[in-house]
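Below is one structure; the comments refer to it alone.
Model, not experiment: these values are computed from the prediction. Residue numbers start at 1 and run along the sequence shown.
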Amino acid sequence: MDSSKKLLFPDQFFSATRRNILSRFGLGIAASLVILTLLSLTNSSFNVPFVSPLLQGLRNSNLSIPSSVSPQFNSSRSSSSSNQVDDKKPEVVVPVPSFESEQTRDTGSKITSLSGEGEVSSFESGPKSGETVINSTLSEDGKVSVRNDENTLEANATVSVGNSSSLVSDLGGRFVPANSSKEENGPVEADRSRGSYEDCDIYDGNWVRADDETMPYYPPGSCPYIDRDFNCHANKRPDDGYVKWKWQPNGCDIPRLNETDFLEKLRGKKLVFVGDSINRNMWESLVCILRHSLKDKKRVYEISGRREFKKRGFYAFRFEDYNCTVDFVGSPFFVRESSFRGVNGTTLETLRLDMMDKTTSMYRDADILIFNTGHWWTHDKTKLGENYYQEGNVVYPRLKVLEAYKRALTTWAKWVDKNIDRNQTHVVFRGYSETHFRGGPWNSGGQCHNETEPIYNTHYLKKYPSKMRALDYILRDKMKTPVIYMNISRLTDFRKDGHPSIYRTVYKTEKEKREAVSHQDCSHWCLPGVPDTWNQLLYVSLLKAGLASKW
C-alpha cells in the first residue's frame, strides 16, 4: 500500500464530505440569491417571495445594476412595453417561469384558427402588444416557436382560447392551463376556433337552438310523402321544439343544404338510399327538402304513384325539371335472406352472410349510393344467432351477432369493390342511429314519449357502437373503393326528443292513446326533424369529397 496516501476512517470521511457539501451548498445559495436579486431588479414580472425584503431595500437605494448580467429574453407575448424581437434566439441565463394569467391578461392575444394536432396558426395580437404574430407552432419536443414578420424566437407564450380560458407555455414545456402547475402538463384540449368545414370533423359538435327562419327546411304538414309513422305533426304531437335545433360542429360552421345547388348537381343522375327503415326515414326527408324548394311541386312524383313506402321494395321519386331520381331500396341486411328445409320437414329461415341481396340490380348503376345497416341486427333472432347464419352449405348452430355483422359487411365491401365504378359513383355509408328506449327494449315497454329536449350532459351519451368499430375496420383495411362515412351516432345520441314515440298515428280514443304508451317508437325519427340534418351533412360531405368533375 502507498503510505503517502492518507487513509480516512468512516467518521473522518463523512465529516470531510459534509464539510465539502455544506461549503458548496452555501456558495450555491449565495450565488442564487445574487442572480435572483439582479433578475428581480431588471424584470418586475419575476417575483420570489423570500427575497422580497432584500429586493425592496435594493430598489430603494441608488445601486446601479449592469445590463450585461440581466437575462437576454424577449418575447412578443411578454407584458413588457417593448415589442422588438432580436435577430437571434434568446440567451436565457436563468430559468424563466410561466407567466401567470393575471400578468398577461392585458395582451389580448387570441387564436383565430387552429389546424393540425399541436399547431396553432394565425394569431391576432392585442392592442397593447403592437405586433401581429403570424403563427406559432408547438413542436414535438414541446418548444413553442413564435414567428412574426421578421424572424423567429423561442419564448414563453400565453394564448387565450375560446375567449374564456388561457393556455400558458414555458421554455421547453407543453401547453398547460393558466395558473396550473407544470406537472399538470397536457397537451390540453383547446376549444378550436372556427375554421373551414373542408378541414373539419363535421360530426363532432353539439345541437344549438335555431331561429324560426332557418329551421326546419320544410314546414310541418307541407310534405305529403312522409309515412304516417314519421309524421309527428299530423299525429298531433303537442310540442314542436324538436324541429328547432341545428347541428353545430365544434371546429367550423357548415353551410345549409342548398336545395337548388343539390338538384343541379343531381341533374341527369340517380341517387339511391339502400338499407333499412331508418334510411327510408332519411330518404323521405331528402325528398321533402328538395321538393319544398320547387315552385311546381306536381313535377315531383313517385314513379309508381305510391304514397306509402313501408313495404319492402323499390321506390323512386322523379324530379322532372332536373331529369333525376331519388330512390330507396329496402335491404336491411345487404346480404340475402334465405331458407332451407330441416330434417323434420320444417322450413328454417337463414341469413346468407356470403351472398348479397337480390336487390343489387336496382342500384348498381347509381351515381350516389347511401348505405346503412344496423338496426335489424338488434332483433332477437339475429342477436341470438342460433341456426340462423349461413355460409355456403353451412348453417352455424350458434354465431355471435357482431361476428356475423363483420362477415356481412365484408361481403358488401367485396361487392362494392367489384361492381361499383369509383370514377362514376360516390359511395356513402351512414352510421348507426342511436335509440332512446327507457324502461325496456323496443318490443317490451320501452318509452321516450315525455322527452322534449336533447341530452345536454355528455356523460349520459353511449359509447361508440361496436358495429361502427367493425365498420371502421372494413372501410380502412378491407376496401379499395373510397367511402364517405357519415358518423352520426353521437349526434343522434343527443336527440332523445326527436322520436315519434306514441305519435305514430292519430288515436281515436283515450284508451288507444294509453295503450300506445307500451308500444312506442324510439328508434325512427319525426319528420321534419333529425334526418333533415343528416341530409345537410350528406350535402356537406359530398362537397368535401371534392370530385367536382363528377358533379
Side-chain angles (χ1 to χ4, degrees), residues 201 203-204 273-283 329-337 350-357 369-386 388-391 396 398-417 427-437 441-443 446 455 458 460-479 481-496 498-499 521-525 530-531 534 537-538 541:
D201 181 0
Y203 301 100
D204 175 28
F273 290 86
V274 182
D276 56 29
S277 56
I278 308 294
N279 238 18
R280 191 176 88 240
N281 222 174
M282 184 178 178
W283 167 67
V329 175
S331 181
F333 295 112
F334 297 163
V335 292
R336 186 173 302 180
E337 293 176 89
T350 64
L351 190 64
R352 290 292 304 267
L353 302 176
D354 56 344
M355 295 180 66
M356 287 292 285
D357 190 16
L369 279 168
I370 300 101
F371 290 97
N372 97 291
T373 183
H375 286 272
W376 281 45
W377 298 86
T378 65
H379 295 180
D380 292 340
K381 184 164 50 178
T382 50
K383 284 196 301 183
L384 191 61
E386 293 183 351
Y388 180 61
Y389 297 119
Q390 179 181 355
E391 289 183 310
Y396 295 100
R398 187 173 182 85
L399 186 67
K400 290 183 178 180
V401 63
L402 185 58
E403 178 60 28
Y405 184 78
K406 290 177 183 177
R407 297 186 188 190
L409 281 183
T410 301
T411 300
W412 165 79
K414 290 178 178 178
W415 182 89
V416 170
D417 281 342
V427 179
V428 180
F429 197 108
R430 180 185 57 73
Y432 187 78
S433 168
E434 293 288 0
T435 62
H436 295 91
F437 293 97
W442 65 276
N443 57 352
I455 292 173
T458 57
Y460 296 106
L461 299 182
K462 301 180 182 71
K463 294 181 179 179
Y464 188 54
S466 57
K467 293 184 180 67
M468 294 302 96
R469 289 198 297 271
L471 174 67
D472 288 341
Y473 167 72
I474 298 296
L475 298 183
R476 183 183 65 249
D477 296 338
K478 296 293 185 180
M479 294 191 72
T481 305
V483 177
I484 298 171
Y485 173 34
M486 294 184 62
N487 187 5
I488 64 160
S489 297
R490 184 177 174 86
L491 73 86
T492 54
D493 201 2
F494 282 102
R495 294 303 306 276
K496 59 183 174 61
H499 300 290
D521 183 351
C522 305
S523 56
H524 297 95
W525 302 90
V530 171
W534 303 350
L537 293 169
L538 169 66
S541 295

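Inter-residue side-chain proximity for Tyr388 and Leu399 is flagged as unmet; no heavy-atom pair is nearer than 4.5 Å. Side-chain contact between Phe273 and Arg280: absent, with no pair of heavy atoms (C-beta onward) separated by less than 4.5 Å. Inter-residue side-chain proximity for Ile474 and Phe429 is flagged as unmet; no heavy-atom pair is nearer than 4.5 Å. In this structure the side chain of His499 never reaches within 4.5 angstrom of the side chain of Asp521, judged on heavy atoms.
Between the side chains of Ser277 and Asn279, no donor-acceptor pair is found at a separation under 3.5 Å.
Note that the CG atom of Asp493 and the OG1 atom of Thr458 stand 10.5 Å from one another [nearest 0.5 Å]. Summarising the geometry, atom CG belonging to Leu538 is positioned 5.0 Å from atom CD1 belonging to Ile370; distances are rounded to the nearest 0.5 Å. The structure places CD of Glu434 at 8.0 Å from NE2 of His375, a figure rounded to the nearest 0.5 Å. Between the OG atom in Ser466 and the CG atom in Leu402 there is a gap of 5.0 Å [rounded to 0.5 Å]. Once rounded to the nearest 0.5 Å, the distance linking CG of Leu471 with OH of Tyr485 reads 5.5 Å. Distance check: Thr492 OG1 to Leu461 CG gives 9.5 Å after rounding to the nearest 0.5 Å.
Closest heavy-atom contact between Phe494 and Arg490: CD1-O, 3.3 Å. Pairing each heavy atom of Glu386 with each of Arg398, the nearest pair is OE2-NH1, 2.7 Å. Contact detail for Gln390 and Asp354: the closest heavy-atom pair is O-OD1, 3.8 Å. Here the closest non-hydrogen pair linking Asn372 and Phe334 is O-CE2, 3.3 Å. Shown here for Val274 and Ser331, the closest heavy-atom pair between the two residues is CG1-CB, 4.0 Å.
For NZ of Lys400, the number of neighbouring non-hydrogen atoms (other residues, nucleotides, ligands) closer than 6.0 Å is 12 at most.
Judged by distance alone, the side chain of Tyr405 and the main-chain N or O of Thr373 form a donor-acceptor pair under 3.5 Å. A donor-acceptor pair is defined here as one N or O able to donate and one able to accept, closer than 3.5 Å; such a pair exists between the side chain of Tyr389 and the backbone of Thr382. The closest donor-acceptor contact from the side chain of Ser489 to the backbone of Tyr432 lies under 3.5 Å.
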*asked:* Evaluate Leu351 against Arg336 for side chain to side chain contact (heavy atoms under 4.5 Å, CB included), listing each step before the verdict.
replied: CA-CA 6 Å; Leu351 190 64; Arg336 186 173 302 180; over 6 Å; no
*asked:* Show, in sequence, the C-alpha distance, side-chain angles and deciding distance for Trp525 and Ser433, and conclude whether the side chain to side chain donor-acceptor pair (under 3.5 Å) test is met.
replied: CA-CA 10 Å; Trp525 302 90; Ser433 168; 2.8 Å; yes
*Go through the steps to decide whether Tyr203 and Met486 satisfy the test side chain to side chain contact (heavy atoms under 4.5 Å, CB included), and finish with yes or no.*
CA-CA 8 Å; Tyr203 301 100; Met486 294 184 62; 3.2 Å; yes
*Evaluation steps, side chain to side chain contact (heavy atoms under 4.5 Å, CB included), between Met468 and Asn487*: CA-CA 9 Å; Met468 294 302 96; Asn487 187 5; 5.5 Å; no
*asked:* Pair Ile278, Trp534 - check side chain to side chain contact (heavy atoms under 4.5 Å, CB included), show working.
replied: CA-CA 11 Å; Ile278 308 294; Trp534 303 350; 3.7 Å; yes
Using atom types as modelled, flag every donor-acceptor pair under 3.5 Å from a side chain in residues 408-416 to any protein atom, sequence neighbours excluded.
{"residue": "Thr410", "atom": "OG1", "partner": "Lys406", "partner atom": "O", "Å": "2.8"}
{"residue": "Thr411", "atom": "OG1", "partner": "Leu353", "partner atom": "O", "Å": "2.5"}
{"residue": "Thr411", "atom": "OG1", "partner": "Arg407", "partner atom": "O", "Å": "3.1"}

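Screening Thr435, Asp276, Thr378, Asn281 for a side-chain contact (heavy atoms from CB on, under 4.5 Å) with Ser523, the sole residue that qualifies is Thr435.
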